Amino acid sequence: MNDTSKVFLEGGPDDLPERIVATPSPGPDAKIRLRGGYEHFRPTSRHADTPEGRLPVYEWWERTEIAE
């Protein structure tokens with residue numbers, strides 16, 4: 001099974017609530033809101049076998065803070 005509407009998130013904070021998320025749009029990066037900021041994930045060429053099928057892997061690359 002290959003569900004291209006979801007991606008697998010690798011790396012980043014241990015307390016990230018979900019590791020399987022909807023495919024980000026628009027744009028190639030996934031941005032996840034967490035603890036007053038955003039965790040940013042970029043697509044890789046890898047795939048992971050998950051309980052929801054074989055999914056593209058997005059790798060954590062930075063955190064940005066939300067301005068107050």
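What's counted below: heavy atoms across the whole structure, side chains too, no hydrogens, waters or symmetry copies. Computed from a predicted structure; not experimentally measured.
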Colleague: Taking all atoms of both residues into account, what is the closest heavy-atom pair of His47 and Val57, and its distance?
Modeller: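 Looking at all heavy atoms of both residues, the closest pair is C-CG2, 3.6 Å.
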Colleague: Going by atom type alone, with no hydrogens or angles, which donor-acceptor pairs under 3.5 Å involve a side-chain atom of residues 26-37 and a protein atom two or more places apart or on another chain?
Modeller:
from	atom 1	to	atom 2	distance (Å)
Arg35	NH1	Asp15	OD1	2.6
Arg35	NH1	Asp15	OD2	2.8

Colleague: Specify the closest pair of heavy atoms between Thr23 and Lys6, including all atoms of both residues, with the distance to one decimal.
Modeller: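 Heavy atoms of Thr23 and Lys6 come nearest at OG1-N, 3.2 Å.
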Colleague: Using a 6.0 Å cut-off, check whether atom CD of Glu18 has over 12 heavy atoms from anything other than its own residue.
Modeller: no
Colleague: Going by side chain to side chain contact (heavy atoms under 4.5 Å, CB included), Phe8 matches just one of Arg19, Arg54, Arg46, Glu52. Which one?
Modeller: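 Per the side chain to side chain contact (heavy atoms under 4.5 Å, CB included) rule, the option paired with Phe8 is Arg19, out of Arg19, Arg54, Arg46, Glu52.
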Colleague: Which value, rounded to the nearest 0.5 Å, describes the distance between Thr44 atom OG1 and Glu10 atom CD?
Modeller: 7.0 Å
Colleague: Are Leu55 and Val7 side-chain neighbours, meaning at least one heavy-atom pair lies under 4.5 Å?
Modeller: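 Not in contact.
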Colleague: Could you report the tightest heavy-atom contact between Trp60 and Phe41, atom names first, then the distance?
Modeller: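 Nearest heavy atoms, Trp60 then Phe41: N-CD2, 3.2 Å.
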